[in-house]
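See below for the structure under consideration.
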Amino acid sequence: MEKDYKAVWASCLEIIKDNLGKENEQVFRTWFEPIVPVQLEDNSILKIQVPSPFFYEWLEQHFIDILRRSIRAVLGPQGMLKYIVVMDQSISGKPIVTTLPSTGGRSAVKNRPQDMPFNLNGENSSDLPNPFIFPGIKKVRVNSQLSDAYSLANFVEGDCNRLARSAGYAVAENPGKSYNPLLLHGGVGLGKTHLANAIGLKTKELHPEKTVLYVTSEQFMQQFADAGKNNNTNDFIHFYELIDVLIIDDIQFWANKASKTQEAFFHIFNYLHQKRNQIIITSDKAPSELIGLEPRLLSRLKWGLAADLQMPDVETRIKILQQKLDNDGIEMPYEVIEYIAYNINTNVRELEGALVSLIAQSSLNRKQITIDLAKQMIDKFVKSTSREITIDYIQKVVCDYFNLPIDSIQSRTRKREIVQARQLAMYFAKKMTKSSLAIIGLQCGNKDHATVLHACKTVSNLAETDKQFRYWVEDLEKKFKES
Ligand code: ADP
Ligand code: MG
């Protein structure tokens, strides 16, 4: 039977979204939503269109496992993926289109001929594209990685963010000329990413000729590491030096690590600053508390303006909730909105989370949104988010449960009971923390991300097939809930 390519891709997306989990929604939006399915060949090869060569490489290097699994789940073991890369607009105004097979990840980079690593003029570019310079294009056209949802219009103003917001506006009006760098800092979920993104969008709107780029510090670090491996660090730096407005999100991530990355960024920073290009940085700590960052980089960050974001007061929280409801076209009694605004005072992300859960609750159970329903839900919500479960804590609970010494998970032994405990700890860590597979692996006996993935699968499988094992999983689950 002929399958429809759109339906195939929709099913793949569902699997991918599910696998990435709620905590990676942003990842999903950034890397999967922009993909357009194009064609299905022989019922087995799905062609998808991606916005840039860089995007293609990123997918192949970071998401190949999940892509492959989803394709095979939908199309069967013969399922394959082909990419169509649109190299943005070429000078002639027509998009250049290149078709590339899925290479299965890292080999994409290894296969590049060593003697002619880059094809800079790009004619006949069947070779893999350089991730940083787009063939045949003099002025770089960069996928800004900005999200339309995080606009300035959607960023509710209040005392908590007035300085940061107006500084951001000034920067967008006159990039490089007012506050440079602009450092936005504040606790988790208080709107740093939103505002930084909004400044990027506004800049593009007011200055369409400017090249704006948003990257997380983690992406930057990863690209830099990849560039080093592939001997194109120079291109990496050159690419960044072409950006007019550079936004680096969550720079605290580099603290106490990534000294080479910081060094590279230091050079890029100096270059851009001298050219009066704009740099915007976010951090969950104030500059004075950013311990672990290279001192010379830190001193540069203090050159510009540091503006902080605080928790909004109740009035602003109400406005934020109302705006969100307006955007989604949902009505809710004012007293319920007020109830949420008064009771969630941790950060805006949780405020939104509570609202979304309440809407979901009411639509799932076909219940009216009443103050009672809100109370029930908020109580649960506040309880479940007030404490964070850490990987260490999970290891402790699992070890206690099986009467094992806590350090056994770290040991290299292959004893069955310890392997099992380690796998359970990994499984729960994936389920209950926001940590990446790599971090979980690192903390559970210095394993890699594939081991963690395997552990999660093993636990799920065993929980389905083995009664005793299922009992353990459920019992442990209860323990985590009670704690
Ligand atoms: P951070 O980067 O500081 O952790 P985010 O920018 O991701 O926080 O914000 C968390 C959520 O809260 C986002 O969905 C964002 O849109 C929302 N948010 C934060 N501040 C505001 C605001 N002033 N107005 C509207 N939404 C906001
Ligand atoms: Mg953020």
Side-chain angles (χ1 to χ4, degrees), residues 21-30 33 144-169 172 182-202 213-221 246-255 280-287 289-290 306-328 330 332 337 340-341 344-360 381 385 388 433-436:
K22 228 183 150 37
E23 66 276 19
N24 288 316
E25 242 169 70
Q26 188 61 39
V27 172
F28 181 80
R29 255 181 265 149
T30 310
E33 279 186 359
S144 294
Q145 303 205 89
L146 293 169
S147 142
D148 287 334
Y150 286 165
S151 67
L152 214 48
N154 284 340
F155 192 75
V156 175
E157 185 171 349
D159 287 342
C160 53
N161 60 34
R162 192 154 288 123
L163 172 69
R165 196 177 188 283
S166 56
Y169 195 85
L182 174 63
L183 176 67
L184 304 170
H185 64 95
V188 178
L190 292 181
K192 301 179 296 294
T193 298
H194 185 143
L195 183 56
N197 189 94
I199 300 170
L201 288 176
K202 196 73 193 170
L213 177 66
Y214 166 95
V215 281
T216 65
S217 59
E218 202 173 352
Q219 276 176 349
F220 184 92
M221 189 172 125
L246 176 60
I247 305 168
I248 307 257
D249 201 3
D250 286 326
I251 202 170
Q252 79 281 346
F253 181 78
W254 291 343
I280 301 166
I281 287 166
T282 79
S283 156
D284 69 3
K285 296 193 182 61
E289 290 161 14
L290 264 171
D308 70 339
L309 293 165
Q310 303 272 349
M311 178 60 186
D313 53 25
V314 170
E315 283 77 49
T316 314
R317 300 211 284 272
I318 291 176
K319 274 196 220 150
I320 292 175
L321 291 170
Q322 278 174 327
Q323 177 196 267
K324 184 115 189 89
L325 290 165
D326 276 357
N327 281 349
D328 295 347
I330 296 171
M332 196 177 273
I337 299 175
I340 302 174
I344 308 277
N345 55 11
T346 41
N347 64 54
V348 184
R349 186 171 302 142
E350 290 196 351
L351 188 69
E352 287 186 341
L355 185 71
V356 171
S357 313
L358 182 58
I359 296 170
F381 196 85
T385 54
E388 276 222 339
T433 74
K434 290 190 173 147
S435 303
S436 66

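Small disclaimer: the values here were computed from a predicted structure and weren't measured. Atoms within each ligand, like the ligands themselves, are counted from 1 in listed order.
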#### Entry: Side chains of Leu190 and Gln310 in contact at under 4.5 Å (non-hydrogen atoms)
no
### Query
Quick one: are Ile199 and Ile247 in side-chain contact, heavy atoms under 4.5 Å?
no
### Task
Enumerate the protein residues lying less than 4.0 Å from ligand 1, judged by heavy-atom distances, in chain and residue-number order.
Tyr150, Asn154, Phe155, Val156, Asn161, Gly187, Val188, Gly189, Leu190, Gly191, Lys192, Thr193, His194, Ile320, Val348, Arg349, Glu352
### Query
Distance from Asn345 atom CG to Met311 atom CE, nearest 0.5 Å?
6.0 Å
### Query
Could you walk me through whether Arg162 and Glu157 pass the side-chain contact (heavy atoms from CB on, under 4.5 Å) check?
CA-CA 6 Å; Arg162 192 154 288 123; Glu157 185 171 349; 2.9 Å; yes
### Task
Would you tell me whether Asp250 and Thr216 have side-chain atoms, one donor and one acceptor, within less than 3.5 Å of each other?
no
### Carboxylate-amine/guanidinium contact Glu25 Arg29, below 4.0 Å
yes
### Query
Between Trp254 and Phe220, how do the two ring planes meet: parallel, tilted or perpendicular, split at 30° and 60°?
tilted
### Task
Determine, stepwise, if the pair Leu152 / Arg165 fulfils side-chain contact (heavy atoms from CB on, under 4.5 Å).
CA-CA 8 Å; Leu152 214 48; Arg165 196 177 188 283; 4.2 Å; yes
### Task
Keeping waters out of it, list the protein N, O or S atoms under 2.8 Å from the Mg ion (ligand 2).
Thr193 OG1
### Query
So which of Arg349, Glu350, Glu352, Arg317 actually passes side-chain contact (heavy atoms from CB on, under 4.5 Å) with Ile344?
Glu350
